[in-house]
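Worksheet: the structure to be examined is printed underneath.
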Amino acid sequence: MSLRAHVVVQRGALLVDVDLTVADGEVLAVLGPNGAGKSTVLRVLAGLLAPDGGRVAIDVPGGELVWDGDQRHVPAHERPLGMVFQDHLLFPHLSTTDNVAFGLRTRGVRKAQARTTAAAWLARVGLAEFGDRRPTQLSGGQAQRAALARALVGEPRLLLLDEPLSALDARTRLTVRAELRRHLAEFGGCTVLVSHDPVDAMALADRVVVVEDGVVVQEGTPAEVARMPRTDYVARLVGLSLLPGTASGTRVDLDGGGLVWTGEEAAGEVFVAVRPETVSLYLARPDGSPRNVWALTLVAATPHGSTVRCDLDGEVPLTADVTATAFAELGLVPGAQVWASVKASEIAVYPR
Amino acid sequence: MSLRAHVVVQRGALLVDVDLTVADGEVLAVLGPNGAGKSTVLRVLAGLLAPDGGRVAIDVPGGELVWDGDQRHVPAHERPLGMVFQDHLLFPHLSTTDNVAFGLRTRGVRKAQARTTAAAWLARVGLAEFGDRRPTQLSGGQAQRAALARALVGEPRLLLLDEPLSALDARTRLTVRAELRRHLAEFGGCTVLVSHDPVDAMALADRVVVVEDGVVVQEGTPAEVARMPRTDYVARLVGLSLLPGTASGTRVDLDGGGLVWTGEEAAGEVFVAVRPETVSLYLARPDGSPRNVWALTLVAATPHGSTVRCDLDGEVPLTADVTATAFAELGLVPGAQVWASVKASEIAVYPR
Amino acid sequence: GGSSSSSDAASSTSAAASSSAGGGDLTGTLTVFAAASLTDVFTDLGDQLMADNPELTITFNFAGSSALATQITQGAPADVFASANQKQMTVVTDAGLDADDPTVFTENVLEIAVPPGNPGGITGLADFGDADKTLAICAPDVPCGAAAETVFAAAGITAQPDTLEEDVRAALTKVELGEVDAALVYASDVQAAGDGVEGIEFPEAEDAVNEYPICTLTGASNPEAAQAFLDLVESDEGQQALTDAGFRSPSN
Amino acid sequence: MPAPLLVPALVGVAFLVLPLLGLLIRAPWSDLWPQLTQPQVGQALRLSLVSATLATLVSLVLGVPIAWVLARSTLPGRSVLRALVTVPLVLPPVVGGVALFLVLGRQGILGRYLYEEFDYTIPFTTTAVVIAETFVAMPFLVISVEGALRAADARFEDAAATLGANRWTTFRRVTLPLVAPGVAAGAVLCWARALGEFGATITFAGNFPGTTQTMPLAVYLALQSNPEGAIVLSLVLLFVSLATLLLLRDRWLGRSGAPLA
Amino acid sequence: MPAPLLVPALVGVAFLVLPLLGLLIRAPWSDLWPQLTQPQVGQALRLSLVSATLATLVSLVLGVPIAWVLARSTLPGRSVLRALVTVPLVLPPVVGGVALFLVLGRQGILGRYLYEEFDYTIPFTTTAVVIAETFVAMPFLVISVEGALRAADARFEDAAATLGANRWTTFRRVTLPLVAPGVAAGAVLCWARALGEFGATITFAGNFPGTTQTMPLAVYLALQSNPEGAIVLSLVLLFVSLATLLLLRDRWLGRSGAPLA
Ligand SMILES: Nc1ncnc2c1ncn2[C@@H]1O[C@H](COP(=O)(O)OP(=O)(O)OP(=O)(O)O)[C@@H](O)[C@H]1O
Ligand SMILES: Nc1ncnc2c1ncn2[C@@H]1O[C@H](COP(=O)(O)OP(=O)(O)OP(=O)(O)O)[C@@H](O)[C@H]1O
Ligand SMILES: [Mg+2]
Ligand SMILES: [Mg+2]
């Protein structure tokens with residue numbers, strides 16, 4: 001089953017107009033800032049919100065089945081779905097097991113059998129002992145895992161996941177993510193995954209769509225998106241600094257002023273992407289091979305494991321990761337003037 | 001105002017027994033796996049759940065004010081609190097502005113004034129245009145930011161934050177985190193922050209308490225905790241592999257079998273911590289300076305930005321980060337046998 | 001108790017004579033629709049008829065006369081209708097549902113009811129013109145109210161009631177509870193209330209005698225038993241029972 | 001507990017309870033036993049309980065769907081429908097009884113066919129009692145269940161739809177359990193109203209001991225001749241119904257949407 | 001829309017609406033105008049509306065706090081309290097009127113003092129009408145508001161407490177708005193029940209045109225003398241109350257807990 005959707009829907013002041021295709025067995029990640037329209041798109045795909053235009057269709061043996069459009073609107077319960085909602089929405093009057101068994105029961109599975117299957121799924125997400133609890137007696141992360149199990153148990157053809165892992169702690173997240181990946185790999189259907197965590201997206205998705213302000217701004221494999229972000233949001237997400245400019249040869253004149261030398265040659269309007277760990281900081285102007293040296297101001301410094309992330313401003317706004325030791329030695333405080341340098345060969349350049 | 005709390009409360013099968021102190025102006029992060037009891041502790045501190053034992057008290061000029069214990073239970077509304085709930089709980093019948101203004105109104109601020117202040121706070125969390133919306137018309141991340149503004153607006157003396165940033169997208173998270181950090185720096189009161197995101201904790205907290213199964217398992221500054229995790233959960237959280245063993249000199253015999261050489265000398269029961277980026281992988285046993293060479297099995301590999309995180313099992317279970325290129329060159333698949341080596345000087349050792 | 005009750009020796013002898021009239025051969029079910037004020041008397045008479053006729057079952061439907069009239073015109077399975085006033089009987093006869101012409105089987109006259117001890121110091125009908133007293137009379141729409149209007153007109157009194165009751169019973173309740181100083185009700189009600197109220201007779205009552213008509217109905221499933229019940233009510237024995245309950249025999 | 005709530009609550013409870021106290025003080029307790037052992041009283045009590053319970057069941061079956069249509073559907077005529085449903089609330093019950101005759105009586109719009117085709121008439125039977133009580137009491141159920149449905153969070157119904165539940169399954173397995181406290185409250189109101197029904201019943205069903213004479217009718221008759229006995233009778237009705245409600249208490253209070261702590 | 005809901009809903013609506021149709025067909029419309037212009041009818045209608053509205057207001061003020069105590073407090077005697085509150089539901093209204101006399105009448109427990117100290121008696125006044133209607137109608141409000149409170153999510157009250165709202169403020173600014181649909185439903189039931197009140201009113205307040213004669217009393221009396229006129233009167237009552245409910249509709253349906261889509 002593959003999904004082809006063109007979703008047009010007005011949501012308050014925001015016009016969402018998004019084109020998606022998900023092939024059989026593919027996992028599509030939808031990334032985007034808060035309020036971009038991600039949950040709205042999922043609601044339309046689920047059949048919970050009738051779109052104002054566009055078309056949602058799936059391939060079935062022998063043709064195409066239209067879910068929305070051509071005067072049709074197939075209601076949610078007739079779509080073979082599994083969905084995890086952003087605020088999980090476990091039924092408060094049912095035990096955790098019965099919540100998970102719900103989808104099986106509606107599809108005609110016998111009670112005992114449904115509960116056995118549900119219990120097995122609860123065990124897979126690490127909630128084996130919590131089957132008899134009511135959702136109000138679960139912690140936030142436990143509830144989210146139960147919601148995931150509830151969506152997966154029915155072996156849906158289309159899986160819609162709205163931030164399914166956001167409340168999970170680091171360890172559980174790894175195991176649940178691994179479980180989800182294993183499931184998705186076996187799973188013949190299509191998956192649309194909304195997530196804010198680039199790691200989730202990179203780990204789980206075959207393809208990424210970035211939505212901003214209701215429209216798709218970038219699309220590609222996780223690696224492509226990570227290597228060549230096209231908007232500031234994506235660049236932030238994958239931890240790069242993105243600088244638009246105009247290239248001629250290895251020289252790029254940035255739109256915001258400033259000059260960057262790159263290793264590869266390019267021409268015309270380009271993006272320049274700088275990885276924070278390739279940026280070195282100095283108190284005095286360094287002499288040496290790097291041709292890219294800029295005088296910048298330290299705006300903020302955030303400890304980050306064994307490194308410190310430094311936000312720099314100036315003609316070339318950058319983010320730099322330096323080791324905590326180096327940072328301490330430099331004795332930097334916000335507002336300080338620093339010199340930043342990056343090897344031209346470390347800088348990616350690609351057309352806009 | 002500083003907070004001293006010993007919280008004892010039975011929650012289902014879990015007995016929570018946690019000791020906390022938060023000094024004036026300090027931000028304490030509470031980390032811990034799902035279901036550890038973090039939200040439970042916050043509910044007790046807020047006065048929403050009467051503890052079964054222990055004592056919660058704050059310092060006031062001229063002495064101590066007992067909130068719980070000594071036969072007292074001060075109700076929530078008499079505690080000068082601000083709280084962000086894990087599922088935000090914005091009032092559905094009020095506009096976003098009125099939600100934020102609510103705490104001011106209860107404290108006697110005039111309507112017009114309260115709405116002005118609320119609007120200013122909404123602007124700070126990037127929701128300036130959303131003041132007139134109902135919470136059901138906000139996206140998940142917008143709702144969470146509104147909840148944060150609602151908690152902060154009343155200038156509380158004690159701030160309780162239950163995963164305040166989990167639904168925020170990467171960019172907003174940075175700005176909101178920065179806003180929160182700025183606010184907390186100015187803020188004279190105490191803050192208790194529950195988070196699953198080690199970056200949030202490291203960036204915002206002065207001190208970290210790790211709770212597992214209802215009890216405190218580690219406590220210290222973020223840097224201490226990050227450098228010397230004492231439990232597997234913490235080690236995962238900060239991205240280290242943790243190996244318990246017995247040291248004599250630079251040799252550590254691991255409890256799980258296996259042998260590790262360290263740079264520093266130690267004696268008795270110790271933890272050995274290995275940073276994933278210090279682990280090198282080889283297809284054949286390497287010859288060279290590193291004394292630590294182990295034959296391991298690749299269990300799982302997860303792409304992770306430009307690196308691949310490899311979970312390894314064997315007598316010395318480890319996690320290794322290798323570059324995507326290197327990983328591709330090695331041609332590894334799960335189940336493959338590899339040799340892992342780490343320089344003794346890169347390995348941390350500290351008493352259990 | 002009520003002062004209106006009287007017992008004359010003649011009726012008690014005839015009661016014994018009429019008890020043999022039934023003959024004990026009536027069968028089936030007899031359904032009697034009767035005004036609620038007849039509940040006790042008719043229940044006793046019915047028991048008596050059933051005792052004489054073991055094969056006979058009598059069911060009563062006691063309610064307000066107007067409700068009964070509505071039910072009968074709606075096809076209720078009634079054999080006998082005993083109304084507390086001519087007006088509701090007319091509803092039935094106008095619909096042509098009476099098997100024979102209704103006959104008046106008993107009468108009722110107004111009496112003043114006062115709480116025990118007469119705290120309001122009521123002496124006669126004239127006190128109903130005193131606006132300072134708390135007084136209840138029936139609404140003009142119901143028979144006792146129409147009768148009250150007649151007696152006040154006859155006596156030349158402008159009544160100053162505090163409430164116009166929907167039926168006698170409601171007025172009597174207020175007397176029993178001591179909430180009104182006096183109410184204008186029927187003698188039979190004063191009798192039924194026992195020690196709860198005291199009755200004061202007054203001469204103008206004769207200007208507004210309330211007549212209770214009874215008849216068998218065209219739809220009767222058991223006309224013989226219906227006729228037997230009618231006969232029993234009109235017999236000396238029946239009349240005695242009514243008299244004991246504060247009613248009086250028809251004057252013509 | 002806040003005084004602005006506690007004080008009116010106390011005043012309100014006193015207002016509702018003191019009259020009962022007055023009755024208890026005044027009641028001729030010595031009459032109680034003779035009254036109770038009268039076969040008619042037992043009959044009337046049984047009939048009252050049975051018919052009120054049946055009326056409540058019928059109201060649940062017909063009324064909850066009406067409430068659902070009012071709260072959840074998008075039919076255009078809903079506000080008129082809601083107004084029509086409240087009609088029996090305001091109609092004086094005696095007139096309600098007359099109206100029932102006009103439809104279900106032997107000459108009524110529908111009753112005529114029943115009579116002509118099957119020689120069956122509804123009035124003056126126990127069925128008529130149940131119908132009269134249902135007519136008067138069902139709107140109470142509809143209105144309170146509709147209120148509960150409106151206050152309930154409809155997003156759970158979305159979640160059920162994504163799990164393959166059609167609207168009927170969703171209604172049965174999600175919506176209804178979620179509004180259970182509201183349905184219970186509505187059923188209690190409906191039952192109590194049916195139990196106390198007088199005007200429509202005496203008009204439409206008559207007052208036949210054993211088949212249509214319910215307790216309120218018996219109380220009415222007793223009031224004619226023996227007011228104190230009537231008080232005893234109504235206290236009997238009262239205690240039986242309170243006992244029933246108290247026994248059911250655990251059921252209709254079972255679930256609360258609120259978390260436990 | 002699912003048939004298992006739609007079919008019973010249609011049957012239910014037909015059952016509630018057909019009798020009204022019967023009345024409309026049967027009503028002597030030519031009588032309407034003369035009836036309407038009778039001064040007594042206007043008086044009775046005005047008195048009915050005013051006293052039912054006052055009774056509803058009193059019930060809101062006293063009853064909503066009772067519902068809150070029943071739903072939210074942890075008092076030990078709550079189940080008994082709830083049972084006591086339902087007493088007036090089951091008490092035959094006429095007996096309820098007697099019970100009110102026993103407390104507030106000239107000889108009543110409290111009324112005696114009023115009478116002796118201030119020479120004031122409550123019965124036979126418009127106040128008595130409001131009291132009788134409140135006594136009979138308030139439990140409807142209490143029970144349905146309690147149901148709504150139980151179904152509401154109490155976690156919002158926690159959130160309000162952390163924002164410094166004491167229980168009273170929380171009640172006023174969070175709980176009450178959240179259960180507004182339930183309170184509205186309860187108020188409609190209460191108002192309708194008060195508007196239709198007959199037994200307790202005629203017993204406790206009596207029937208005097210202009211001060212205590214409400215429409216149901218007027219209808220009942222008209223039934224005795226002029227049944228067709230009574231039908232017209234009750235239709236008048238009906239249309240006025242339906243018009244009122246329809247006008248208020250937008251208010252009491254204002255908020256729905258459900259999201260818009
Ligand atoms: N019911 C509604 N009515 C009107 N506007 C709405 C409604 N629900 C959401 N919106 C608005 O539509 C926009 C898109 O919302 P949506 O929930 O799809 O965002 P999202 O991409 O899922 O964001 P997040 O990452 O914060 O969950 C937001 O600006 C939101 O405020
Ligand atoms: N109302 C309740 N009744 C009984 N047990 C409960 C209740 N609420 C939570 N629990 C249980 O108590 C434990 C601690 O819950 P808590 O919500 O404090 O966890 P947490 O540390 O906040 O987890 P998370 O990170 O998933 O939010 C969990 O195992 C949970 O299932
Ligand atoms: Mg969303
Ligand atoms: Mg939690």
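The sequence lines fix the lettering, A, B, ..., with proteins before strands; numbering per chain opens at 1.
- Residue E:Leu16 touches chain D through both its backbone and its side chain, counting heavy-atom pairs closer than 4.5 Å.
- E:Leu5 touches chain D through backbone and side chain together, each having a heavy atom under 4.5 Å away.
- Comparing D:Val94, D:Leu84, D:Val13, D:Asn166 by how many heavy-atom pairs each has under 4.5 Å with chain E, the most go to D:Val13.
- Only the side chain of D:Leu195 comes within contact range of chain E, judged by heavy atoms closer than 4.5 Å.
- Only the side chain of D:Ile25 comes within less than 4.5 Å of a heavy atom in chain E; its backbone stays farther off.
- Between E:Phe15 and D:Ile131, the closest side-chain pair of non-hydrogen atoms falls below 4.5 Å.
- Residues satisfying the side chain to side chain donor-acceptor pair (under 3.5 Å) test with D:Thr201, not counting sequence neighbours, are D:Glu197.
- Contact of D:Leu110 with chain E is made through the side chain alone, with heavy-atom distances under 4.5 Å.
- At most 12 non-hydrogen atoms from other residues, nucleotides or ligands lie less than 6.0 angstrom from CZ of E:Arg26.
- For a residue to count as touching a neighbouring chain, one of its non-hydrogen atoms must lie under 4.5 Å from one of that chain's; by this rule D:Val90 touches chain E with backbone and side chain alike.
- The choice from E:Val11, E:Leu23, E:Val183, E:Val58 that makes the most heavy-atom pairs within less than 4.5 Å of chain D is E:Leu23.
- In terms of non-hydrogen atom pairs under 4.5 Å with chain D, the most contact-rich of E:Ser59, E:Ala83, E:Gly196 is E:Ala83.
- Here the shortest heavy-atom pairing between E:Ser234 and D:Val95 reads OG-CG1, 3.2 Å.
- Of the two parts of D:Pro88, only the side chain, counted from C-beta on, holds a non-hydrogen atom closer than 4.5 Å to a non-hydrogen atom of chain E.
- For chain D, the option among E:Pro216, E:Gly199, E:Ala99 with the highest count of heavy-atom pairs below 4.5 Å is E:Ala99.
- The contact between D:Leu81 and chain E is made entirely by side chain atoms (from C-beta outward), counting heavy-atom distances below 4.5 Å.
- Residue D:Ile66 touches chain E through both its backbone and its side chain, counting heavy-atom pairs closer than 4.5 Å.
- For chain D, the nearby part of E:Ile109 is the side chain; its heavy atoms alone come within less than 4.5 Å.
- Here the rule is side-chain contact (heavy atoms from CB on, under 4.5 Å) with D:Val103, and of E:Leu21, E:Leu18, E:Leu20 only E:Leu18 fits it.
- Chosen from D:Val142, D:Thr169, D:Thr134, D:Ile231, the residue pairing most often with chain E at heavy-atom distances under 4.5 Å is D:Thr134.
- A pairwise comparison of heavy atoms in E:Pro8 and D:Leu62 identifies O-CD2, 3.6 Å as the closest pair.
- Contacts with chain D were tallied for E:Val87, E:Val219, E:Val7; E:Val87 has the most, counting heavy-atom pairs under 4.5 Å.
- Proximity of D:Pro92 to E:Leu237: side-chain heavy atoms (C-beta onward) are separated by under 4.5 Å at one or more points.
- Using a 4.5 Å cut-off between heavy atoms, D:Ala148 does not touch chain E at all.
- Ranked by heavy-atom pairs shorter than 4.5 Å toward chain E, the options D:Pro19, D:Gly12, D:Gly147, D:Ala243 are led by D:Pro19.
- For the atom pair E:Phe140 CZ and D:Ile143 CD1, the distance stands at 12.5 Å (nearest 0.5 Å).
- Most heavy-atom pairs under 4.5 Å with chain D: of the set E:Val17, E:Leu70, E:Leu91, this distinction falls to E:Leu91.
- Looking at D:Phe135, the atoms closer than 4.5 Å to chain E (heavy atoms on both sides) sit in the backbone and in the side chain alike.
- Of the listed residues (E:Leu189, E:Leu102, E:Leu89), the greatest number of heavy-atom pairs within a distance under 4.5 Å of chain D belongs to E:Leu189.
- Residues passing the side chain to side chain contact (heavy atoms under 4.5 Å, CB included) test with D:Ala44 are D:Met215, D:Ala218, sequence neighbours excluded.
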